[in-house]
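All remarks here apply to the structure that follows.
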Amino acid sequence: MVNVDLLPAFADNYIFCFRAGGSGVFIVDPGDAGPVHDYLQKTGHAPAAILVTHHHADHVGGVRELAAHYAIPVYGPRQRTPGLTHPLSAGRQLIEGIPMEVIAVPGHTLDHVAYLVEDALFCGDTLFSAGCGRLFEGTPAQMHDSLERLGSLPGDTRVYCAHEYTLSNLRFARHVEPDNAALLDREREVSSIRKAGLPSIPSRMDIEQDGNPFLRTRIAAVQKAARTFDPSCDITDPVAVFAALRRWKDQF
Ligand SMILES: [Zn+2]
C-alpha cells in the first residue's frame with residue numbers, strides 16, 4: 001500500500017509525499033522546500049529521496065535545499081534536474097529499494113517522466129484530471145502518445161497530478177462533450193469537494209477514461225467537437241484530434 005500525503009504549494013500546486021512498503025518518505029516535485037520541512041517536522045517521518053517529474057521551477061524550486069538539508073538523493077530526468085544524483089531511464093526499477101516504473105512521457109517538456117508505484121501514478125504536468133498539460137516543448141504526437149500510455153493503465157490507478165485544475169478543466173470538457181453524463185456527475189462531485197476546501201486529487205484512471213477529452217480522441221462525440229473547432233481537422237487521425245483539442249483549450 002502506498003500512503004500519499006498532499007502538500008499544497010503556491011497557488012495550485014501539490015507536492016506529494018509518499019511511503020511504500022515501510023520506506024521513508026519519497027518527495028515528489030518539491031517546488032517549495034517550506035511545506036516539506038513543515039510536513040517532515042510534524043509527522044516525524046524520515047525522508048528517503050526526492051523524485052522529479054520535470055524541470056519547471058514550480059516542481060524543482062525546493063530540490064537543492066531539501067537534498068542538502070536532509071542529505072537525500074535526487075532522482076529525475078538526466079537534463080536540467082537541479083542537484084540530480086540519480087539520472088533515470090524509463091522502465092521498471094528499484095528506487096531506494098522500492099519497485100517503481102518510470103514512464104517517459106514527453107510533451108509538456110521533452111524530458112518529462114511519470115512514476116508508477118503500485119497503484120499510484122505521479123504524472124506531474126502531463127495528465128491532469130479532465131485535462132492535460134500545455135505543450136511547451138513537445139509535439140502533439142508526443143503528448144498524445146504519452147497520454148495514451150498513461151490512459152492504458154488500469155482503471156483503479158490513483159492519479160496524482162501536480163495541479164488543482166480540475167474544475168476549470170471540467171468546464172472545457174463539458175463544452176467538448178455536453179452529453180457526457182459522467183462529466184456532469186464529476187463536476188457536481190468536484191464542486192462540492194472544492195467548496196469543502198478539499199483537493200480533487202487523486203483522480204482515478206477510469207474517471208479520466210470516461211471524461212477526459214484528451215484521452216478520448218477516438219470517441220465520435222469528441223471527434224465531432226474537434227471538427228467544430230477546426231473544420232480542417234482530420235478526425236480519422238487521433239493526433240490531429242488531440243492537437244485541435246489542445247489548441248482549443250489554450251484559447252478557451
Ligand atoms: Zn510544468
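Quick caveat: nothing in here was measured; it's all calculated off a predicted structure. Every number for a ligand or one of its atoms is a count from 1 in the order of the listing.
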Legend entry - Contact check: H112 to the Zn ion (ligand 1), N/O/S below 2.8 Å: no

Inset, instruction - Kindly indicate, with the supporting measurements, whether the criterion ring-ring contact (aromatic ring centres under 6.0 Å, His included) is fulfilled by F242 and F214. - result: CA-CA 6 Å; F242 171 79; F214 297 99; 5.7 Å; yes

Inset, instruction - Examine the side chains of E101 and Y115 and answer whether a donor and an acceptor come within less than 3.5 Å of each other. - result: no

Legend entry - Full working for side-chain hydrogen bond (donor to acceptor under 3.5 Å, both in side chains) between T157 and D119: CA-CA 5 Å; T157 304; D119 66 337; over 6 Å; no

Legend entry - Angle in degrees, rounded to 10°, that NE2 of H108 and ND1 of H56 form at the Zn ion (ligand 1): 90°

Legend entry - Distance-only donor-acceptor check, side chains H54 and D29, under 3.5 Å: no

Inset, instruction - For the atoms OD2 of D125 and NE2 of H54, give the angle they form at the Zn ion (ligand 1), rounded to 10 degrees. - result: 100°

